[in-house]
Amino acid sequence: MQPLEQLFHDRGLRLTEQRRDVFRILEGRDQPMTMGEIIKASQFAERTSVYRALQLFIKQGIVDLVPVGFKQRYELAEPFKAHHHHLICIDCGELVDLDSGKLEKIVGKLAAVHGYKLTAHHVELQGICRSCVEKI
């Protein structure tokens, strides 16, 4: 049984074709996607079905919500995609995945200093990308 199927089975949830479709779309992308992009890529292209699938996936920890300004993007969460953070351009919206062992150590130390046992974290760094800086 595939990990997604196992997760749904273990939690007593139905894995519908619409949900499989949304998962496949996210699985095939390296970058977080907007709901509009997911709807366009979906063979079931019904906004309500995509929205419901995404909400269930977020609740079940299958998908992470990535805020980019006033928009939201979606991407697979662990264990379906390796843990990482993002660097986001506030001008053009470019999004770069950051994979940094040093950052993970710093986050862990910050939590420990305050007596926390870290269970989850999400770091978004915002700035202006090289292309946008060159336009200024």
Side-chain angles (χ1 to χ4, degrees):
M1 199 176 283
Q2 298 294 324
L4 181 67
E5 292 168 344
Q6 186 68 52
L7 186 143
F8 269 71
H9 178 267
D10 293 348
R11 296 179 185 178
L13 300 168
R14 281 186 44 232
L15 185 54
T16 64
E17 280 306 310
Q18 290 89 346
R19 292 171 181 171
R20 285 180 196 275
D21 186 47
V22 171
F23 183 85
R24 276 188 230 118
I25 291 165
L26 291 170
E27 188 176 40
R29 290 290 294 265
D30 291 336
Q31 293 287 312
M33 300 176 72
T34 65
M35 185 176 304
E37 291 170 333
I38 297 167
I39 290 168
K40 284 180 186 173
S42 175
Q43 63 184 11
F44 296 101
E46 185 183 317
R47 180 178 275 291
T48 305
S49 295
V50 171
Y51 176 79
R52 287 182 181 154
L54 288 170
Q55 293 309 305
L56 176 67
F57 286 175
I58 291 167
K59 185 176 180 182
Q60 297 300 320
I62 297 166
V63 165
D64 283 331
L65 186 62
V66 181
V68 180
F70 293 108
K71 293 185 178 183
Q72 297 175 345
R73 295 186 187 191
Y74 305 86
E75 70 178 351
L76 293 180
E78 286 186 280
F80 303 104
K81 186 173 182 177
H83 178 77
H84 63 281
H85 304 285
H86 299 104
L87 182 59
I88 303 164
C89 178
I90 59 173
D91 281 351
C92 70
E94 178 188 47
L95 201 134
V96 176
D97 287 349
L98 297 176
D99 207 1
S100 171
K102 289 180 183 178
L103 180 58
E104 295 302 315
K105 289 178 185 176
I106 292 168
V107 168
K109 286 180 182 179
L110 284 171
V113 164
H114 294 283
Y116 276 70
K117 178 184 177 200
L118 200 59
T119 58
H121 67 276
H122 198 80
V123 177
E124 303 296 330
L125 303 173
Q126 297 181 0
I128 301 173
C129 71
R130 181 176 296 142
S131 297
C132 291
V133 167
E134 289 173 358
K135 292 177 188 175
I136 298 175

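For this chain, numbers begin at 1 and follow the sequence in order.
- For the pair Q18/E46, no side-chain contact is recorded, criterion being any heavy-atom separation below 4.5 Å from C-beta on.
- In this structure, R11 places its CZ atom where more than 12 heavy-atom neighbours from other residues, nucleotides or ligands lie under 6.0 Å away.
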- Query: D97 and K81: side chain to side chain contact (heavy atoms under 4.5 Å, CB included), yes or no, with the steps?
  - Reply: CA-CA 12 Å; D97 287 349; K81 186 173 182 177; 3.6 Å; yes
- side chain to side chain contact (heavy atoms under 4.5 Å, CB included) assessment of R19 paired with R52: CA-CA 9 Å; R19 292 171 181 171; R52 287 182 181 154; over 6 Å; no
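- Taking hydrophobic clusters as Ile, Leu, Val, Met, Phe, Trp and Tyr residues chained together by side-chain heavy-atom distances below 4.5 Å, L98 does not share a cluster with V66.
- The shortest side-chain heavy-atom distance between V63 and L76 falls under the 4.5 Å cut-off.
- Salt-bridge annotation for E17 and R20: present, with a side-chain N of the basic residue lying under 4.0 Å from a carboxylate O of the acidic one.
- Using a 4.5 Å cut-off between side-chain heavy atoms of Ile, Leu, Val, Met, Phe, Trp and Tyr, with links allowed through other members, F80 and I38 fall into the same hydrophobic cluster.
- From D64, atom CG reaches atom CG of L26 across 10.5 Å, with rounding to the nearest 0.5 Å.
- Contact detail for P32 and E37: the closest heavy-atom pair is O-OE1, 4.2 Å.
- The two atoms that bring C129 and C89 nearest to each other are N-SG, 3.3 Å, heavy atoms only.
- Taking CD from Q72 and CG from L54, the interatomic distance works out to 10.0 Å, rounded to the nearest 0.5 Å.
- Crowding of D10 atom CG: a count of heavy atoms from other residues, nucleotides or ligands under 6.0 Å exceeding 12.
- The shortest heavy-atom contact between I90 and I128 is CG1-CG1, 3.9 Å.
- Rounded to the nearest 0.5 Å, atoms CG (L13) and CD (Q60) are 5.0 Å apart.
- Taking the six-membered ring for Trp, F57 and Y74 have ring centres at least 6.0 Å apart.
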- Task: In sequence, state the C-alpha distance, the side-chain angles, and the governing distance for M35 and Y51, and then conclude on side chain to side chain contact (heavy atoms under 4.5 Å, CB included).
- Result: CA-CA 8 Å; M35 185 176 304; Y51 176 79; 3.4 Å; yes
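- The CD1 atom of I25 lies 11.0 Å from the CD atom of E27; values are rounded to the nearest 0.5 Å.
- Of all heavy-atom pairs spanning A111 and L118, the tightest one is CB-CD1, 4.0 Å.
- By the 6.0 Å contact criterion, CZ on R47 is open, its count of non-hydrogen atoms from other residues, nucleotides or ligands being 12 or less.
- Using a 4.5 Å cut-off between side-chain heavy atoms of Ile, Leu, Val, Met, Phe, Trp and Tyr, with links allowed through other members, I39 and L56 fall into the same hydrophobic cluster.
- L87 and L65 fall into different hydrophobic clusters, where Ile, Leu, Val, Met, Phe, Trp and Tyr residues are linked whenever their side-chain heavy atoms come under 4.5 Å apart, directly or through other members.
- Residues H85 and L125 have side chains not in contact (no heavy-atom distance under 4.5 Å, counting atoms from C-beta outward).
- Using a 30° and 60° split on the angle between ring planes, H122 and H86 fall in the tilted class, from 30° to 60°.
- Between S42 and D21, the closest heavy-atom pair is OG-OD2, 2.5 Å.
- Counting all heavy atoms, side chain and backbone alike, P67 lies closest to I88 at O-CD1, 3.8 Å.
- Linking Ile, Leu, Val, Met, Phe, Trp and Tyr whenever their side-chain heavy atoms come within less than 4.5 Å puts L15 and V50 in one cluster.
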